[in-house]
Amino acid sequence: LSGIGVQCGAHRLWSHKAFKAKLGLRIFLAACQTMAGQKNIYYWVRDHRVHHKYSDTDADPHNSHRGFWFAHMGWIYLKKHPLVLEKGNQLDMSDIEADPVVMFQQKYYVPLLILFWGVIPAVIPVIFWNESLLLSILGCVFFRHVYMLNVTGLVNSYAHMFGYRPYDTRIRPAESTYVRHLMMGEGFHNYHHTFPWDYSASELGSLDVFNPATAAIDFFHAMGWAYDLRKPTPAMVANRIKGHGDQVEAELHRTSS
Ligand SMILES: [Zn+2]
Ligand SMILES: [Zn+2]
């Protein structure tokens, strides 16, 4: 659920406006995103938008030129580069500021964090299947937190260094191969930086590859809670590959998927 909150919510919905969500879904995704403990949505979106706008430069909060570990995790614990702050403050965040769900989460982040990140995951196993509180806290709070942080970290580190670049050879983000399964559907990163507003964050859909966030958005779409799902036409993708991509790698990528 925390993965769904980060990927469907903070990433595809709020950072990229790749689809629209009704109030109930926005509340659900905000609760799930709080569960992840990866900063509030407002800061997550600001960091991510500045990452896309200035990818792999000093203004990118997790500039992969500063090394694998910096991009993976170090950037969270180190002081931000002055350019990240400068460019981040220039971003247009008016759409985020206009969403009462995001602003409510930001205002009450600490109590919400304690509740959704800590208390609820810890007590559910105790109440429903008699787990010991210690194991529940270790497994469902701490291990889960570290696991999801690494899933997200791999997208910023590994997927900015290794893999195919079929859609745009001029940029560093790449289509990861086997490791992308660890990234739970966010490892199609050359595509994602080429078409960031695609709700699937991949050329492929949830029935073609392992992409639980796309499957979740499709599910919410079928329920009527998610709408206006955005996706480029096949002709737009083909044109981009022809213009700046690598057709051989594009074919290889499709067949290996
Ligand atoms: Zn990226
Ligand atoms: Zn993105």
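Both counts, for ligands and for their atoms, begin at 1 and track the order of listing. Along the sequence shown, residues carry numbers from 1. Side chains are part of it too, since the values below use all heavy atoms of this structure and drop only hydrogens, waters and symmetry mates.
Using a 4.0 Å cut-off between a side-chain N of Lys or Arg and a carboxylate O of Asp or Glu, Asp47 and Lys80 qualify as a salt bridge. One finds a salt bridge joining Arg49 and Asp95 here, because a Lys/Arg side-chain nitrogen approaches an Asp/Glu carboxylate oxygen to under 4.0 Å.
A 4.5 Å side-chain heavy-atom check between Tyr42 and Glu97 finds at least one atom pair inside the cut-off. Side-chain atoms of His51 and His160, non-hydrogen and from C-beta on, do get closer than 4.5 Å to each other. Counting only heavy atoms from C-beta outward, the side chains of Arg46 and Lys39 never approach each other to under 4.5 Å.
Put simply, His192 stays out of reach of the Zn ion (ligand 1), with no N, O or S atom under 2.8 Å from it.
Rounded to 10°, the angle formed at the Zn ion (ligand 2) by NE2 of His52 and NE2 of His11 is 170°. Draw a line from the Zn ion (ligand 2) to NE2 of His16 and another to NE2 of His48, and the angle between them is 100° (to 10°).
Looking at His189, its N, O or S atom nearest to the Zn ion (ligand 1) turns out to be NE2. Distances from the Zn ion (ligand 1) to each N, O or S atom of His193 single out NE2 as the nearest.
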